[in-house]
Amino acid sequence: MPELPEVETVRQGLIRCMVGHRLAKVDQRRADLRFPLPRDFARRLTGRTVTAIDRRAKYLLLHLDDGMVLMIHLGMSGRIVVGRRGGVGNKLGEFHHETVRSDSGGRDAHDHVVFTTDHGFVVTFNDPRRFGMMDLVSNNALHEHKLLKSLGPEPLEDAFDAQALAARLRGKRTPIKAAILDQNLVVGVGNIYACEALFRAGISPRRLAGTVKGERAERLVKSIKDVLRAAIKAGGSSLRDYVQADGELGYFQHHFQVYDREGSACPKCGQKIKRLAQGGRSTFYCAKCQR
DNA sequence: CGCGCTCCCTGGCCGC
DNA sequence: TGCGGCCAGGGAGCGC
């Protein structure tokens, strides 16, 4: 998925074509994504105006004019593609690097929900693996939502500092890589940015989480913030499945220093980058630079 | 409670 | 070119 920088990029794209606009039509093409969609999902959204779009962790939060919030998670393979009603329009219909489409043209088998705004924007949620989710929740109860209530701090907020991180890691005997992927510890960091942040901080992914404190915690916090900010600035990373909300490609993948670079030279020392499996996921790192 | 593992689902890619 | 196996950015849920 889409980790924090990609979700943030999508959020910024959606603000431009949805905030202040009314959902004139909502086409729900499946009963469920990862979870069943709420009862009367399309009917409850139709006619509503989007008043604001926030992000919490990797969740997009579309605030509606009736006090409800549409929660969207992109899972591993979720994308949001924006086009114009009745035509390709601008660069808005680019898809999967090359296929151009509009709503009047083809429909992809994995287009699960399609919103059409009163200004003629067609916003399509596409998710081949269906690990994504959507839910409709009252703004008042938003923070009690099961999926939001135990999330950790936002990594880009000032409150997430070395002390806060060290406090959360204290006594933990899991590898630091697993710890920073845990959304209850800190949100938004997925497999790619976990690898990149640990490399920048010079910390071994296998190091016991509880030993990351003091100077090391300072370096890790700075690295997490730096890599996420740089990726947001680059418009996210485009991997196999991901494009920005407007179909443009993010380019941060060209800045990966270790992720998916097994066998290549470490950009700092030149030694070969290694790969190891942690909790069933690949970790890429430099055994010399990361301790 | 903390931790590790499995599973949800589809598709792309690699090797044969 | 066809096919099986493996891998993929997340994270809920289970068992120990």
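Please read all numbers here as calculations on a predicted model, not as lab measurements. All chains are named by letter (A, B, ...) in the order of the sequence lines, taking the proteins before the strands, and each is independently numbered beginning at 1.
- Atom P of nucleotide C/dG11 and atom NE2 of A/His145 are separated by 14 Å, given to the nearest angstrom.
- Across all strands shown, C/dG10 is found opposite B/dC8 as a Watson-Crick or G-U wobble partner, with both distances under 3.5 Å.
- When distances run from any side-chain atom of A/Met76 to the nucleotides C/dC7, C/dG13, C/dG9, the shortest one goes to C/dG9.
- Results of the ring-ring contact (aromatic ring centres under 6.0 Å, His included) test with A/Tyr259 over A/Phe284, A/Tyr285, A/Phe199 single out A/Phe284 as the only residue that passes.
- Ion pairing between A/Glu262 and A/Lys272 fails under the 4.0 Å rule for side-chain N and carboxylate O.
- Between the CZ atom of A/Arg168 and the P atom of B/dC3 there is a distance of 14 Å, rounded to whole Å.
- In this structure, A/Met133 atom CE and B/dC9 atom C1' are separated by 17 Å, rounded to whole Å.
- One can place CG of A/Leu60 at 15 Å from P of C/dG10, the figure rounded to the nearest angstrom.
- Between C/dG11, B/dC3, C/dA8, one nucleotide has an atom nearer to the side chain of A/Thr174 than all others, and that is B/dC3.
- Within the nucleic acid shown, A/Gly190 comes within 4.0 Å of sugar-phosphate atoms alone, with no base atom in reach, counting heavy atoms only.
- On a pure distance criterion of 3.5 Å, no polar donor-acceptor pair joins the side chain of A/Arg130 and the base of B/dC9.
- Within 4.0 Å (heavy atoms only), A/Leu181 reaches no atom of the nucleic acid at all.
- At the phosphate of B/dT10, neither OP1 nor OP2 sits under 4.0 Å from any side-chain N or O atom of A/His110.
- Ring pair A/Phe252/A/His255 is tilted by interplanar angle, where 30° to 60° counts as tilted.
- For A/Arg129, taking side-chain heavy atoms from C-beta onward, the closest of the listed nucleotides B/dC3, B/dT10, C/dG11 is B/dT10.
- Within the structure, every side-chain polar atom (N or O) of A/Ser237 is placed at least 4.0 Å from both OP1 and OP2 of C/dG9.
- Remark: A/Arg281 is not in phosphate contact with B/dG4, judged by side-chain N or O atoms under 4.0 Å from OP1 or OP2.
- A/Glu6 places its CD atom 13 Å from the C1' atom of C/dG10, with the value rounded to the nearest Å.
- For the pair A/Ile176 CD1 and B/dC3 P, the computed distance is 12 Å after rounding to whole Å.
- Remark: P of B/dG4 and NZ of A/Lys172 are 9 Å apart, rounded to the nearest angstrom.
- Taking the 5.5 Å centre cut-off and the 30° plane limit, the aromatic side chain of A/Phe131 is not classed as stacked on C/dG11.
- Distance check on atom C1': B/dC3 versus C/dG9 gives 23 Å, rounded to whole Å.
- Using a cut-off of 4.0 Å between Lys/Arg side-chain N and Asp/Glu carboxylate O, A/Asp27 and A/Arg29 are scored as salt-bridged.
- In summary, A/Lys222 and A/Asp226 engage in a salt bridge, as defined by a charged side-chain N under 4.0 Å from a carboxylate O.
- Going from atom CG of A/Asp260 over to atom P of B/dC13 covers 13 Å, rounded to whole Å.
- Between C/dC6 and B/dT6, the two P atoms lie 14 Å apart (nearest whole Å).
- For the pair A/Arg84 and A/Phe121, the cation-pi criterion (under 6.0 Å, within 45° of the ring axis) is fulfilled.
- When each of A/Gly171 and A/Gly280 is assigned the nucleotide of DNA chain B bearing its nearest heavy atom, the one mapping closer to the 5' terminus is A/Gly171.
- Contact check, A/Lys146 against C/dA12: no side-chain N or O comes under 4.0 Å of OP1 or OP2.
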